[in-house]
Trainee: 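Below are the C-alpha cells for one structure; questions will follow.
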Number of protein chains: 2
Amino acid sequence: MGRKRTKSGKIRLAEVAELAGVSPITASRFFRNPEALSVGKRTRVESAARELGYVPNLAARALASQRTEVIGVVIPSLTNNVFSDVLRGIYDASEGGRYSIQLANTRYSILQEEKLLRLFLAQKPAGLIVTGIDQTAESRSMLEAAECPIVQIMELGSNPVDMMIGFSHYEAGRAAIAHLLTQGFRRIGFLGARMDPRVQRRFEGYQAAMKEADLFDPRLIVTTPVATSATLGGTLFADLLTQAPDIEAVFCVNDDLALGVLFECQRRHIAVPERMAIVGFNDLEFMACAVPALTSVRTNRYEMGRNAATMLIEAIEGRRPNEAVVDLGFAVMERQSSLGPRHARTRRPGKIGRRTNKMVALPSPTN
Amino acid sequence: MGRKRTKSGKIRLAEVAELAGVSPITASRFFRNPEALSVGKRTRVESAARELGYVPNLAARALASQRTEVIGVVIPSLTNNVFSDVLRGIYDASEGGRYSIQLANTRYSILQEEKLLRLFLAQKPAGLIVTGIDQTAESRSMLEAAECPIVQIMELGSNPVDMMIGFSHYEAGRAAIAHLLTQGFRRIGFLGARMDPRVQRRFEGYQAAMKEADLFDPRLIVTTPVATSATLGGTLFADLLTQAPDIEAVFCVNDDLALGVLFECQRRHIAVPERMAIVGFNDLEFMACAVPALTSVRTNRYEMGRNAATMLIEAIEGRRPNEAVVDLGFAVMERQSSLGPRHARTRRPGKIGRRTNKMVALPSPTN
DNA sequence: GTCGCCTTTGGTAGCGCTGTCAATCTTCCT
DNA sequence: AGGAAGATTGACAGCGCTACCAAAGGCGAC
C-alpha cells in the first residue's frame, strides 16, 4: 500500500478506508452518501474516521468533483446594519451544513460587482447570493450563464435571474407616506443619503404618493450621495428646514438619518411629533425605545438572509422551491413620532401642536 | 498535446502556456513569482493569460501546493457593530491580494470556537485571525501547534499565541471612570450586558478605579448576560435607579446601552448631565450627535481589522513585523453628557445641578 | 578557450479525492 | 432452481496545478 501517511502527517481517506477494511472509494461514499453503504460498513467507516480524526481535504474534493461547496455572497456594504442582519441570517442557515460562505463587498459599485462575480463564477461556486437587481449587462449575462443556482436578495423585480427574495422598496416608501398622510400631514419632506438603487426606489414611492395627493414639491426633498450617518441626518434636516420652513413631517430613507433628525429637533427645541413628525426605515432596534418612539418601516432582514440561504441550498441539492420569487413584505411600525394632528386632536381636543413645549436647557457642547 | 480544453470549457494553465509558447511550469511560475521569468516570457505569458481570460483553479493549486490562500477569521458576533467595523478593516486590507477571507462566528461560545478552529486548521489556512485571548486550553494548544501565522485581535495580553493587536479593556474601563471622577462624580453606576471577556475586563477596570477612590458599592452595579440593545439599556438603568436612587453617573459597557439610558432619562425627565452623567463605550457614530452629545471611549476598530490583516499577510509572506504585539489604545471622547458639577460650576457659578429642567411633555406611546 | 557559477526553463510525478463503469452479492420472483 | 433486478462494492483514471530536481543557457575570470 506504499506510504501510510502524507508527509504532513495528515490522515487521508485511504487510511480511514484501510482501518475500516474497505476500499477508499467506499469510504469516500460514506462522506457523500452514507445511505448507499450497508449498515456494517457504514459504522466501520464512521468509527475509523472518528478514531483517526479524519477531516476531508476540501481542495482535493473540489478538484476531483469539479465543483466546490462554496456559496458566494455579494453585498454592497459591510458597515450597513442592514447587511449585517442579512449576513447573520445567511450564516445561520448555512451553519452545520456542508457549504461555506464566501463574502465579497462591492462598496456600492456595480463595476466592482462585475469583477467580483467574474472571480466567483470562475471558481464554480455551488450557489450565489447577490444583492439587488441592478447589475451591469455583462454581470447579468454572466449570472444567466452560470450553472449554479442564484438568489437575488433585498429587492423584487419582474425578471429574476433565477430565484429572488426581498420586498418592494417602492411600495414601502409609498406606505410610509400613506401613513403620514393618514395622520394628517401635508408638507412631508424626504431625506435621502447614499441613494443606492433601493433608496432610489423608496424615493420613487415617496414621489408617487406625494404626486397622487397633489402635494409634491421639490423643495421638500434633500438628498445626497454621501454615505449615511446620524450626523448627516441632522445636517440634511437643517438644509430641509431652510428649503421648506413650513415642513410638518420627514421621511428618512433609513433609521440613522431619522435618529439624527430626532436629535436635531431636540437641539432646536422642535417638538416631535407636534411640530415635526419623523419616519425612518428598517426599524432598527433603537427606534422603538427612542423618545418619542420613532416610527419606522420594518423590514425582515434576518429572515431574508436566512431564507435566501435555505432556498439556495435546497436548489443546489436539487429541490427547487415552488416559488422562485418570495416577497417578504414590510410593515409600517406606527409609533409616537408620527402621531398626527388628526389623531392627537381626538385625544386631546384643543390647542394641539400649539403648546409651547420646553426642552431641557442644555449647556453648550464640550468638544 | 491531447485535449485542448477541459470538458467544462475552462481555460487551463496548459492552454495559456501553449499560446505563450512556454512550458506549463513556466506559466505557473509567472503567477507565483513573475520576477523569476525573463522579461520576454513574462510578457508573453501575461498577454496569453489575458487573451484567454485565464483564471487559476484554486482547488488544484491548493491541492498541489499543500496550502491554501485562505485567511480564517473567527469572531464572536456578526450583529455587533464593533465586529462589522473590524471586518471592514480586514476585508479592505485583503482586497486585491491573493488571500480570501473565510469567516466563522462563534456566537460568544468558546466551545463553538474550538470546533471552528479545528475545522479551519484542518484546511491549512494561510493565516488566522482570532478574537480575544480566552480560548479553551484545547484551542490554545491547537493554535500553538498551527503552522500558520496567527493574529489575536481586540485585546492585549501577556502571552500571545503569535501576534496580537488590540487595546486594554481594563485600562479603557478605568479611564472612563477616571474621567467621571475628575468631573466630580462620586456615585458612578455600571451597566453591563452580555458580559463577554472584554466587557468583563472593562468591568474590572471600573471596579479597580472605584475601589481606589474608595467609592465602590455593589449596589451601583447592574449586569446581565443577555445580549445588548438600546432598550435593554433603558431597562437596566431603571433597575439601577431602583437599586441606587442617589446615582450621579453611569458607565455603560457599550453605546447601545448608553443610548437607551439617554432615552430613559428623557422619558423620566432626568436632565443629562445635570442629574445624570452618561458614558458609553466604542464611540459609535451617533454618540457625537446625540443631545446632549454622549461621552464615549473611542476604540480603533477599523484600524484593528486593517492592521491585523496587514500584519498577518506580511507574516504569511515571510516578513514578520518588528513588534508582535500592537497596542492601538483608546481615547475618552469627553462630551457634554459627562460634564460634571465641578466643570459646570466654573462656567455657571451658583445653583448648578439644582435647576429644574423641563423636558418636553410627551403623549403616551402609540404602540 | 574553457571552466564554474548563476539564471532561466522544463520534465516528472504526484497532491487526495471522486466520476464512471463494471463486478459482485442479495433478494425475490416465476 | 434459475434468473432478473436491485443493492453494494471496487478499479481505474484523472481533476489542474505545483514541488522537486535536472538541464540548458549566459557570462565573466583565468
Trainee: Nearest-Å distance, CG (B:N57) to C1' (C:dC17)?
Mentor: 14 Å
Trainee: Rounded to whole angstrom units, what separation is found between the CD atom of B:Q66 and the P atom of C:dA13?
Mentor: 19 Å
Trainee: Nearest to the side chain of A:S38, heavy atoms from C-beta on, is which of C:dT9, C:dG16, D:dT9?
Mentor: D:dT9
Trainee: Among the candidates D:dC17, C:dC17, C:dG19, find the nucleotide nearest to the side-chain atoms of A:R32.
Mentor: C:dG19
Trainee: When the distance from CZ of B:R44 to C1' of C:dT9 is rounded to whole Å, what number comes out?
Mentor: 12 Å
Trainee: In whole Å, I'd like the distance from the CG atom of A:N33 to the P atom of C:dG19.
Mentor: 11 Å
Trainee: As a test of reading the structure: which of D:dG10, C:dG10, D:dC17 is closest to the side chain of B:T26, going by heavy atoms?
Mentor: C:dG10
Trainee: Across the strands shown, which category fits B:F31 at heavy-atom distances under 4.0 angstrom: base, sugar-phosphate, nothing?
Mentor: nothing
Trainee: Taking the side chain of A:I25 as its heavy atoms from C-beta onward, which of C:dG11, D:dG16, D:dG10 lies nearest to it?
Mentor: D:dG10
Trainee: How is B:R67 classified with respect to the nucleic acid when contacts are heavy atoms under 4.0 Å: base, sugar-phosphate, or nothing?
Mentor: sugar-phosphate
Trainee: Side-chain N or O of A:Y54 versus OP1/OP2 of C:dG16: is the shortest distance under 4.0 Å?
Mentor: no
Trainee: Looking at the side chain of A:S23, which of D:dG10, D:dC17, C:dT9 is the nearest nucleotide?
Mentor: D:dG10
Trainee: If you go through the side-chain atoms of B:R29, does one of them form a donor-acceptor pair with the base of C:dG10 closer than 3.5 Å?
Mentor: yes
Trainee: Is there a side-chain contact between B:Q123 and A:V55 in this structure, where contact means two heavy atoms from C-beta onward sitting under 4.5 Å apart?
Mentor: yes
Trainee: I'd like to check the side-chain contact (heavy atoms from CB on, under 4.5 Å) partners of A:D85; sequence neighbours left out, ordered by chain and number.
Mentor: A:R88, A:R301, B:T79
Trainee: Assuming nearest nucleotide by heavy-atom distance, tell me which of B:K41 and B:A60 is located more 5' along DNA chain C.
Mentor: B:K41
Trainee: Any side-chain heavy atom of A:F30 within less than 4.5 Å of one from A:E46?
Mentor: yes
Trainee: Please state whether the rings of A:F83 and A:Y108 are parallel, tilted or perpendicular, taking 30° and 60° as the class boundaries.
Mentor: perpendicular
Trainee: Rounded to the nearest angstrom, tell me the gap between atom CD in B:E18 and atom C1' in C:dG10.
Mentor: 16 Å
Trainee: From the list C:dC17, D:dC17, C:dG10, which nucleotide is the closest neighbour of the side chain of A:R61?
Mentor: C:dC17
Trainee: Of the nucleotides C:dC17, C:dG19, C:dG10, which one has an atom closest to the side chain of A:S65?
Mentor: C:dG19
Trainee: What integer distance in Å separates B:E69:CD from D:dC17:P?
Mentor: 13 Å
Trainee: A:I11 CD1 to C:dC15 P: how many Å, rounded?
Mentor: 15 Å
Trainee: Rounding to an integer number of Å, can you tell me how far B:L37 CG sits from C:dG10 C1'?
Mentor: 13 Å
Trainee: Identify whether the distance between the nearest side-chain nitrogen and carboxylate oxygen of A:E314 and A:R320 falls below 4.0 Å.
Mentor: no
